[in-house]
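Worksheet: one structure, shown below.
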Amino acid sequence: MAKPWAASVLTIFPEMFPGPLAVSLAGRALEAGLWSLETLDIREFGIGRHRAVDDTPAGGGPGMVMRADVVGAALDRAIAGAPELPRILLSPRGRPLSQSLLRELAEGPGAHLVCGRFEGVDERVIEAKGLDEVSIGDYVLAGGELAALVLLDGVVRLLPGVVGAEASLSQESFEQGGLEYPHYTRPRSWEGWEIPDVLLSGDHGKIAEWRRREAERVTKERRPDLLGKNKGGKV
Ligand code: SAM
């Protein structure tokens, strides 16, 4: 059997994992060995009796910063166990997480995911260990753990064998560049709302054309910035 996709998470809150990823698709895939999860408690590498992982910012200012020596030692341990994995730091300063980045990661062997806390991580460790900073959006969370869970949820569903009807993945929002068309299911009539006739016509050509046009309409209305990013499919 192929080696499972390896998630290696460095955090001061290992109890947050697998968290919501223990249920549903991701949970079943974890049990089935389609991906693996290892957490490394950064506090194990902390300084002194209190295992301190942070200190005051050089130059003054508010908050605390995660120490380079502590995070660096934790990373060294993780990297020694799996040197082939890319190293990601979840960070609001990072490049935005996208469907194409999720695909790129899913096609690789896994990832080391460093979860920041406090004001973030000492810049030297980011540079010295070649951490690739990734953001899940233009807002600030209290820590990188939820961001890592978001990234993992997005990757795991792309792994072979995780989603039953894999063809459906290629139809989704962002896969072709734009947003997806609207979906409907039974009942045919609900509180006076009807399913569009074309979807009940059985004419697959017309249905495909309607979906293409609807995807284009929704994308133009909601995310015109995506229109130039079409990869030749939906929009
Ligand atoms: N001082 C930092 C700044 O202004 O960019 C914010 C630090 S935040 C309170 C603590 C940690 O949460 C970060 O180091 C990062 O790991 C994580 N985090 C917060 N927002 C994030 C986001 N949008 N994407 C990814 N990680 C995030």
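All values below come from the heavy atoms of this structure, side chains included, with hydrogens, waters and symmetry mates left out. Whatever order the structure lists them in is the order used to number ligands and atoms, beginning at 1.
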Tabulate distances under 3.5 Å between N/O atoms of ligand 1 and N/O atoms of the protein, writing both atom names on each line.
from, atom 1, to, atom 2, distance (Å)
ligand 1, 1 (N), Glu119, O, 3.0
ligand 1, 1 (N), Glu119, OE1, 3.2
ligand 1, 12 (O), Gly143, N, 3.4
ligand 1, 12 (O), Gly144, N, 3.4
ligand 1, 16 (O), Leu90, O, 2.6
ligand 1, 16 (O), Gly116, N, 3.0
ligand 1, 20 (N), Leu141, N, 2.9
ligand 1, 23 (N), Gly137, O, 3.0
ligand 1, 23 (N), Tyr139, O, 2.8
ligand 1, 24 (N), Ile136, N, 3.0
ligand 1, 26 (N), Ser91, N, 3.2

Donor-acceptor contacts, no H, no angles, side chain residues 9-38, under 3.5 Å, sequence neighbours left out:
from, atom 1, to, atom 2, distance (Å)
Thr11, OG1, Phe13, N, 2.7
Thr11, OG1, Glu145, OE2, 2.6
Trp35, NE1, Ala26, O, 2.9

task = Measure the shortest side-chain to side-chain distance between Leu101 and Arg95 over non-hydrogen atoms and say whether it is less than 4.5 angstrom.
result = yes
The salt bridge (Lys or Arg N to Asp or Glu O under 4.0 Å) partners of Glu123 (sequence neighbours excluded) come to Arg93
More than 12 heavy atoms of other groups within 6.0 Å of Arg77 CZ | no
The ring-ring contact (aromatic ring centres under 6.0 Å, His included) partners of His183 (sequence neighbours excluded) come to Tyr181
Exactly one candidate in Lys206, Arg211, Arg213 meets salt bridge (Lys or Arg N to Asp or Glu O under 4.0 Å) with Glu209; the answer is Arg213
